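Everything on this sheet refers to the single structure shown next.
Computed from a predicted structure; not experimentally measured. As the structure lists them, so they are numbered: ligands from 1, and atoms in each ligand from 1.
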Amino acid sequence: METKKKDIRALTKEQLRRFFVDQGDKAFRGNQVYEWLWQKSAHSFDVMTNLSKETRRLLEGNFVINHIHVDQMQRSKDGTIKNAVRLHDGLVVESVLIPTANRTTACVSSQVGCSLDCKFCATARLKRMRNLNPDEIYDQVVAIDNESRLYFDRPLSNIVFMGMGEPLMNYNNVLKAIDKITSPAGLGMSPKRITVSTSGVPKMIKKIADDGVKFKLAVSLHSAIDEIRTSIMPFNATFTLLDLREALQYWYNKTKSRITYEYVVWEGINDTKRDVDALVDFCKFAPSKVNLIEYNPIDDGQFQQATKGALDQYVSTLEENGIVVTVRRSRGKDIDAACGQLANKH
Ligand code: SF4
């Protein structure tokens with residue numbers, strides 16, 4: 001009976017070294033293979049030309065290299081690129097390259113579908129199928145880095161975990177992927193250029209504070225009033241704003257890092273003075289920044305972008321209260337890559 005081959009990229013460098021020692025070879029061979037897999041993104045054992053033929057056959061007999069495949073790449077008029085990424089088991093996730101004048105940002109997925117149920121989000125309509133493995137997250141970043149070099153003549157500069165899925169619900173794999181992205185044996189990127197965007201899972205926010213992670217944290221808030229937040233993000237009934245605030249306070253006390261809130265203003269949902277005042281009040285306990293994000297409707301339903309007047313009211317009140325605020329225009333609308341359209345979005 002044929003035994004199922006293991007995914008070689010699930011092995012640590014140490015495990016690879018041990019494999020070779022167990023085969024009577026040198027541990028160093030493990031380093032060579034590791035470099036091919038992670039620094040050179042090899043998709044087959046045949047390209048590992050500094051290994052003997054026997055060694056390559058040995059690897060082939062024991063392992064597979066699971067890798068993603070970019071099934072479809074769409075380019076927007078504004079330069080945004082959306083990848084439909086096929087995983088080794090046929091499931092598909094999406095990731096996006098967002099170019100601006102001086103940076104290119106990758107927006108990557110962490111789960112196939114999502115276990116949460118935000119009402120404004122296209123991903124919530126897909127049930128959570130599974131978590132992505134560290135290598136599947138890493139590969140999305142590598143694919144976008146290659147596209148950035150090819151189309152914009154520069155390497156990828158930033159990464160946001162804001163695609164499909166709630167990254168803190170797949171924390172271990174996200175962390176392993178970030179380790180690879182930041183390690184010199186991977187892409188060598190600074191963790192300061194990586195932002196994990198969460199819908200706000202209090203227990204996990206405390207955990208990442210305890211773990212001393214170096215990446216940035218962004219929280220998709222969208223309302224600082226419990227009844228409204230629960231109506232658009234139903235898990236807020238369980239993880240209330242009070243729990244969230246307490247966890248963020250804990251995060252701030254440990255890290256002394258400013259907290260970023262992602263916030264969409266929808267017509268008739270969170271566009272009144274009361275909503276603005278509640279946000280200001282919520283932000284007061286620690287240095288904060290608010291990103292007001294333009295929304296792109298996923299259908300003709302209840303979620304529509306608020307008026308410019310409502311946005312202006314947010315901007316001026318936040319500024320009067322000393323809170324940093326930016327307004328982010330969405331990109332890639334014509335290819336459904338904008339916030340809210342990706343079958344994604346926190
Ligand atoms: S907004 Fe984020 S957390 Fe909410 S359902 Fe969509 S992907 Fe999940």
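A salt bridge is defined here as a Lys NZ or Arg NE, NH1 or NH2 lying under 4.0 Å from an Asp or Glu carboxylate O, and Lys308 with Asp312 meets this definition.
In the vicinity of Gly165, heavy-atom distances shorter than 4.0 Å reach the ligand 1 atoms 7 (S).
The stretch residues 223-245 participates, sequence neighbours left out, in these salt bridge (charged side-chain N to carboxylate O under 4.0 Å, His left out) pairs: Glu227-Arg274.
Here Cys118 reaches atom 4 (Fe) of ligand 1: one of its N/O/S atoms is less than 2.8 Å from the metal. Within the 2.8 Å limit, Cys121 places no N, O or S atom next to atom 8 (Fe) of ligand 1.
Contact record, Tyr314 with Asp271: CE1-CA, 4.5 Å, taken as the closest heavy-atom pair.
Between Phe161 and Phe215, a ring centre-to-centre spacing not shorter than 6.0 Å is recorded.
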